[in-house]
Amino acid sequence: MGALSKNLFEKFTYSSSIVKGQRHALEPGFVPDRLPHREEEAEQLAEILSPSLKNFKPSNIIIFGKPGVGKTSVVKFVEAEISKAIQSRLDVKIKLIDVNCGIVDNPYGVLVAVGDGLLESWEEKLPFTGWPLDKLYSTVLDKIKSFGGIAIIILDEIDRLVKKNGDSVLYQLLRINEVTNEGRVCILGISNDLRFTEYLDPRVKSRLIEETMVFNPYNASQIYDILRDRSLYAGIADSIDESAMKTCAALAAQEHGDARRAIDMLRIAVELTEKSNELRILDDTIYEAKKKLERDVVVETVSTLPLHSKLLLFSISLIDEIKNGVSSTMGEFYDLYEKVAERMSIGSLTQRRVADIIGELTNLGLIDSKVQSFGRYGRTTTVSLNYDSSKIKDILLSDELLSQLKDVKPMQKSLPDS
DNA sequence: CATCCACTGGAATACCGGGTTC
DNA sequence: GAACCCGGTATTCCAGTGGATG
């Protein structure tokens with residue numbers, strides 16, 4: 001250890017020569033009080049929700065749009081405005097209830113979230129498991145009644161909820177307005193998927209979707225404006241090259257106009273610049289940040305995989321190494337996976353389950369897979385790695401449990417049979 | 001057009017955390 | 001407090017299905 005510093009945290013709290021404003025303006029979850037290129041949408045949403053300020057139930061609404069196009073930001077912004085507007089008014093009763101269906105994606109959880117959102121301070125929270133659904137539903141209903149105002153339920157990533165569980169919860173929530181008049185429910189859904197309504201029962205669909213808003217992806221110049229704005233919040237505008245900002249916007253625009261990604265890239269560029277004690281953010285820094293961001297995403301997704309997914313991925317990358325990138329078949333990697341599992345003395349999963357895990361890994365973008373028919377010789381899924389097998393293996397082997405597989409070498413023949 | 005391999009949808013089972021009943 | 005109810009999640013079990021090649 002070096003010389004004792006004045007304070008352990010000193011080096012983490014230093015005031016940066018680059019960031020002269022609010023650092024968290026570049027972090028995910030920051031809700032700005034300006035929304036460049038989303039002013040109209042914010043206004044439109046406010047208009048749709050405005051009846052609530054006169055104690056009328058606003059229309060239910062679904063907001064569609066790809067990731068990073070400002071859906072959540074606009075909603076959060078409008079939520080904050082509503083809160084401000086009703087702050088000193090006793091004549092309106094509005095509750096805003098946020099539910100992130102990416103996290104709570106089951107009917108029980110959603111009902112609990114709604115119930116807890118209506119909780120008075122002295123009341124106890126609902127149990128997160130245990131109750132029969134109908135009892136849970138009727139207590140939530142009672143809470144709405146006793147609240148007596150308008151509950152605006154914001155279901156972020158509503159498409160996930162519906163894809164996984166169907167529309168039963170939505171049906172129940174919508175039904176509240178028919179069962180009682182002593183409290184009303186308004187649903188505001190946010191969806192990444194334009195087609196999720198296909199999963200809905202027509203009756204639910206027509207009641208849920210009274211209004212629709214579609215957020216289009218940002219183009220490069222709009223992302224540029226957003227970055228410019230954020231850099232003002234963060235106080236980094238002086239330290240960033242004009243062309244670097246343009247590059248950052250252009251790169252993000254290429255990928256579905258995702259502003260979140262652009263901001264992530266900018267944040268990482270700032271961090272890189274600070275680390276290297278540079279004073280200006282240049283084009284190169286942005287490219288470097290882009291690479292780091294991609295690398296980080298892979299490390300993050302791979303290292304948080306469940307054990308069996310990791311073992312499977314390990315087997316796939318071994319085979320990839322043997323066959324030099326040529327895709328492998330279910331038979332091949334399943335056999336190897338079984339042996340790897342045996343070596344770690346844990347039971348292996350069924351082929352059925354493995355097929356599903358392959359699907360999950362494919363959705364994560366780690367591998368590519370497709371079913372291929374070889375006619376007389378049957379049908380199978382073939383998979384290929386999307387990343388360098390040695391990189392994937394490195395990440396996997398850094399897992400404590402998998403480290404015992406370090407010595408497993410790819411060989412031409414598979415491991416000796418039992 | 002039969003055949004082969006395993007894909008695939010769905011029902012069944014096991015287990016978990018937690019409430020409820022007696 | 002043991003035994004049972006409840007919903008969620010992970011996995012297995014089963015049987016029906018797909019599709020190009022030989």
Side-chain angles (χ1 to χ4, degrees), chain A residues 99-116 119 123-143 155 157-173 175 196 198-199 201 301 304-316 319 323 326-342 344-364 366-384 399 401-402 414:
Chain A
V99 185
N100 185 342
C101 307
I103 297 165
V104 276
D105 55 358
N106 54 278
Y108 195 102
V110 171
L111 285 178
V112 168
V114 172
D116 282 350
L119 230 48
E123 288 177 304
E124 272 192 37
K125 288 201 165 191
L126 268 15
F128 65 84
T129 173
W131 281 8
L133 270 181
D134 51 357
K135 176 177 174 182
L136 186 60
Y137 177 69
S138 59
T139 46
V140 169
L141 186 59
D142 286 345
K143 284 191 191 304
L155 298 171
E157 299 189 48
I158 190 174
D159 44 329
R160 288 241 252 164
L161 177 67
V162 173
K163 274 179 201 158
K164 209 173 156 197
N165 304 286
D167 52 13
S168 58
V169 214
L170 295 178
Y171 177 76
Q172 285 191 303
L173 290 176
R175 212 165 66 93
F196 96 94
E198 290 168 11
Y199 297 84
D201 183 282
T301 47
T304 55
L305 247 30
L307 178 60
H308 282 289
S309 307
K310 283 185 177 175
L311 292 181
L312 209 46
L313 195 56
F314 181 76
S315 314
I316 292 169
I319 294 194
K323 297 177 69 175
V326 179
S327 54
S328 48
T329 64
M330 176 64 118
E332 288 175 308
F333 62 76
Y334 185 74
D335 284 352
L336 184 54
Y337 155 78
E338 274 187 312
K339 279 164 191 152
V340 169
E342 192 186 335
M344 301 210 22
S345 37
I346 43 176
S348 50
L349 300 176
T350 348
Q351 206 154 300
R352 179 67 188 81
R353 177 68 189 126
V354 167
D356 283 346
I357 292 178
I358 292 297
E360 288 161 22
L361 293 175
T362 309
N363 281 337
L364 289 171
L366 293 171
I367 59 174
D368 270 338
S369 70
K370 58 181 172 195
V371 291
Q372 252 180 351
S373 201
F374 297 98
R376 183 74 181 64
Y377 304 106
R379 212 163 65 122
T380 187
T381 33
T382 56
V383 305
S384 56
D399 181 305
L401 276 167
L402 297 213
S414 53

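Nothing here was measured: the structure is a model prediction, and the numbers come from that model.
Residue contacts for A:Thr382: at a heavy-atom cut-off of 4.0 Å it reaches no nucleic acid atom on any strand shown. A:Thr129 comes within 4.0 angstrom of a nucleotide base, judged by non-hydrogen atoms across all strands. Backbone-only contact: A:Lys164 has heavy atoms under 4.0 Å from sugar-phosphate atoms and none from a base. Within the 4.0 angstrom heavy-atom criterion, only backbone atoms of the sugar-phosphate kind lie near A:Gln351; the bases stay farther away.
In the model, A:Ser369 has no side-chain atom that pairs as donor or acceptor with a side-chain atom of A:Thr381 under 3.5 Å.
Bending across the helix from B:dC1-C:dG22 to B:dC22-C:dG1, expressed as the angle between its end axes from five pairs apiece, amounts to 30° (10° rounding).
For A:Tyr334 (side chain) and A:Val354 (main-chain N/O), no donor-acceptor pair under 3.5 Å exists by modelled atom type. Judged by distance alone, the side chain of A:Asp116 and the main-chain N or O of A:Leu126 form a donor-acceptor pair under 3.5 Å. A distance-only check finds a donor-acceptor pair linking the side chain of A:Lys323 to the backbone of A:Ser327 [under 3.5 Å]. In terms of modelled atom types and a separation under 3.5 Å, the side chain of A:Tyr108 and the main chain of A:Trp131 share a donor-acceptor contact. No donor-acceptor pair under 3.5 Å is formed between the side chain of A:Asp105 and the backbone N or O of A:Cys101. Although no hydrogens or angles enter the test, the distance criterion places a donor-acceptor pair under 3.5 Å between the side chain of A:Thr139 and the main chain of A:Leu136.
Between A:Asn106 and C:dG7 there is no side-chain N or O to OP1 or OP2 distance below 4.0 Å.
A:Leu126 places its CG atom 18 Å from the P atom of C:dC6, with the value rounded to the nearest Å.
If A:Val371 and A:Lys135 are placed on DNA chain B by their nearest nucleotide, the residue sitting closer to the 5' end is A:Val371.
Classification of A:Lys339 and A:Asp335 as a salt-bridged pair fails, no side-chain N sitting under 4.0 Å from a carboxylate O.
Rounded to the nearest 0.5 angstrom, A:Ile158 CD1 and A:Asn100 CG are separated by 12.0 Å. Here the OH-CD1 distance, from A:Tyr337 to A:Ile316, works out to 11.5 Å after rounding to the nearest 0.5 Å.
With A:Pro107 as the fixed residue, the side-chain contact (heavy atoms from CB on, under 4.5 Å) test singles out one of A:Val169, A:Leu170, A:Leu173: A:Val169.
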Which letter, B, S or -, goes with each nucleotide of nucleotides 13-22 of chain C from 5' to 3', with contact meaning a protein heavy atom under 4.0 Å?
-> B----BBBBS
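Extent of DNA chain B lying under 4.0 Å from chain A heavy atoms, first and last nucleotide in 5' to 3' order, is B:dT3 to B:dT20.
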